[in-house]
Amino acid sequence: MYMAELRVPRDPMYVGLVRLVVAQAARLAGVPQDRVEDVKIAVAEALANGSDRDDELGASPPVEVRFGRGTAGFEVTVRGLSQPPPATADDDVVDPAIDQLDPKLRFTLIEGLTDEFSREQDGDLMRLRFVVGVT
Amino acid sequence: MYMAELRVPRDPMYVGLVRLVVAQAARLAGVPQDRVEDVKIAVAEALANGSDRDDELGASPPVEVRFGRGTAGFEVTVRGLSQPPPATADDDVVDPAIDQLDPKLRFTLIEGLTDEFSREQDGDLMRLRFVVGVT
Amino acid sequence: MELTLEHRTEGDTTVLDVAGEVDVYTAPKLREKLVELVSDGHYDLIVDMTKVEFLDSTGLGVLVGGLKRVRSHNGSLELVCNQERILKIFRITGLTKVFPIHDTLEEALS
Amino acid sequence: MELTLEHRTEGDTTVLDVAGEVDVYTAPKLREKLVELVSDGHYDLIVDMTKVEFLDSTGLGVLVGGLKRVRSHNGSLELVCNQERILKIFRITGLTKVFPIHDTLEEALS
Ligand SMILES: Nc1ncnc2c1ncn2[C@@H]1O[C@H](COP(=O)(O)OP(=O)(O)O)[C@@H](O)[C@H]1O
Ligand SMILES: Nc1ncnc2c1ncn2[C@@H]1O[C@H](COP(=O)(O)OP(=O)(O)O)[C@@H](O)[C@H]1O
């Protein structure tokens with residue numbers, strides 16, 4: 001079970017890079033091309049988790065991505081800041097200019113695109129793990 | 001000074017992946033395309049350093065690559081097993097079937113392709129650092 | 001591959017061609033473009049996503065935001081998309097019920 | 001992009017077309033091919049690297065090994081390469097003095 005690990009600053013600039021490297025690793029691990037597309041989106045969603053926090057970027061811990069062929073298939077774990085708790089139950093508080101979907105949709109997407117998905121809160125951090133089958 | 005960090009098993013399979021991700025990061029950092037080609041070769045040479053050791057792959061520590069835009073340009077540091085000390089001064093001992101150049105040529109190449117190059121031995125490990133200017 | 005955006009008018013409709021990757025890094029550019037179009041009085045939009053190579057929920061959020069903006073002017077926002085990998089994320093998030101999605105631009109215009 | 005290898009004979013010469021990436025992962029494939037050609041009696045080789053996208057010192061080592069093999073049969077190994085980024089690494093390592101390098105296959109064959 002060989003795992004690679006990538007640690008990048010919490011900055012949208014790096015999201016494309018992470019997508020690229022995890023997609024390539026998925027291909028090497030034997031994930032078929034249409035599922036590689038699923039991996040790319042799932043990775044993007046996992047990295048976007050917490051991206052709506054207004055913490056200073058520089059002050060944030062880096063995002064950690066572990067990936068590689070595991071026993072269940074191609075496994076990815078993303079550890080980073082979790083999304084902020086909803087400020088209030090009133091939906092109207094969300095600024096419509098922000099154009100964001102319900103952040104929970106990110107989990108719906110990861111779940112819909114992968115074969116196995118779990119998440120774990122750890123204080124301010126969240127660990128998202130998903131698996132896509134290999135041929 | 002934003003640095004990303006990639007840790008991969010010491011396995012030739014991962015070399016292409018590392019090249020890909022560091023090259024993409026170099027592009028993002030503003031390294032011109034012809035120098036990105038230099039970065040790719042320099043990274044490959046730094047990773048190949050120590051690849052002629054016959055240690056069990058699984059028993060080796062992972063290779064650590066740090067990269068990003070630093071003060072002097074796009075900086076890359078590779079930390080991994082260093083090449084073995086030459087067994088003897090007698091050149092004929094080298095098995096010609098191995099088809100290897102003098103391992104020191106790797107350093108010559110990195111030096112010739114980059115703007116700044118340094119290396120540091122640390123027990124069994126070696127830290128290679130190079131910088132390529134950005135526009 | 002970055003994001004490129006180009007618009008043109010076809011009768012009363014404005015077609016926005018989106019090509020490349022719409023992600024957390026590039027989505028602000030798409031948002032600005034939609035805001036600009038609406039503030040310039042383009043209320044009936046077709047977003048042609050035929051050349052989109054990547055779209056995630058950040059991009060979906062921007063499209064939903066665009067839809068809200070045109071609707072506040074009694075306008076419309078329809079999509080052109082025939083790529084299964086992108087249609088899939090509209091389906092998973094339930095947005096196929098929110099956006100009219102067409103296979104081709106011709107179909108969207110007619 | 002992986003490595004692909006194809007050979008054909010042109011008169012007394014054998015041309016090996018190398019396309020793709022020659023690195024620490026793929027170089028063993030090139031080494032095997034050269035060993036196979038020499039043991040099949042191909043002693044005059046032209047390695048056409050026009051379609052090589054990446055080459056590092058591991059690849060150089062394999063080419064030097066091939067040169068040693070053909071020389072032990074009084075043969076030759078010449079290269080075709082017109083890409084500056086690849087010629088550069090032959091220059092830096094001093095191997096331009098070891099290999100005859102041609103711009104085109106026609107030049108190498110004549
Ligand atoms: N699956 C969904 N994911 C995210 N937002 C949604 C979803 N479905 C509806 N919405 C939100 O609800 C808004 C209105 O949705 P829609 O069904 O088009 O309106 P209505 O129900 O008022 O006709 C959309 O602009 C969007 O913000
Ligand atoms: N710059 C170099 N880098 C690595 N090996 C070299 C270099 N120059 C020469 N050699 C080695 O020396 C061998 C013979 O080199 P060459 O100059 O062609 O032979 P000679 O000097 O016997 O004519 C080559 O096969 C190669 O192994």
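Please read all numbers here as calculations on a predicted model, not as lab measurements. Labels below follow one simple rule: chain letters A, B, ... track the order of the sequence lines, proteins then strands, and each chain is numbered from 1.
No more than 12 heavy-atom neighbours from other residues, nucleotides or ligands sit within 6.0 angstrom of CD on E6(D).
The structure places OG1 of T93(D) at 6.0 Å from CG of L109(B), a figure rounded to the nearest 0.5 Å. Interatomic distance, L105(B) CG to L60(D) CG, rounded to the nearest 0.5 Å: 8.0 Å.
Between chain B and the residues L34(D), L55(D), D56(D), I92(D), the most heavy-atom pairs under 4.5 angstrom are made by I92(D).
Among residues 32-45 of chain B, the residues having any heavy atom closer than 4.5 Å to a heavy atom of chain D are, in sequence order, E37(B), D38(B), K40(B), I41(B), A44(B), E45(B).
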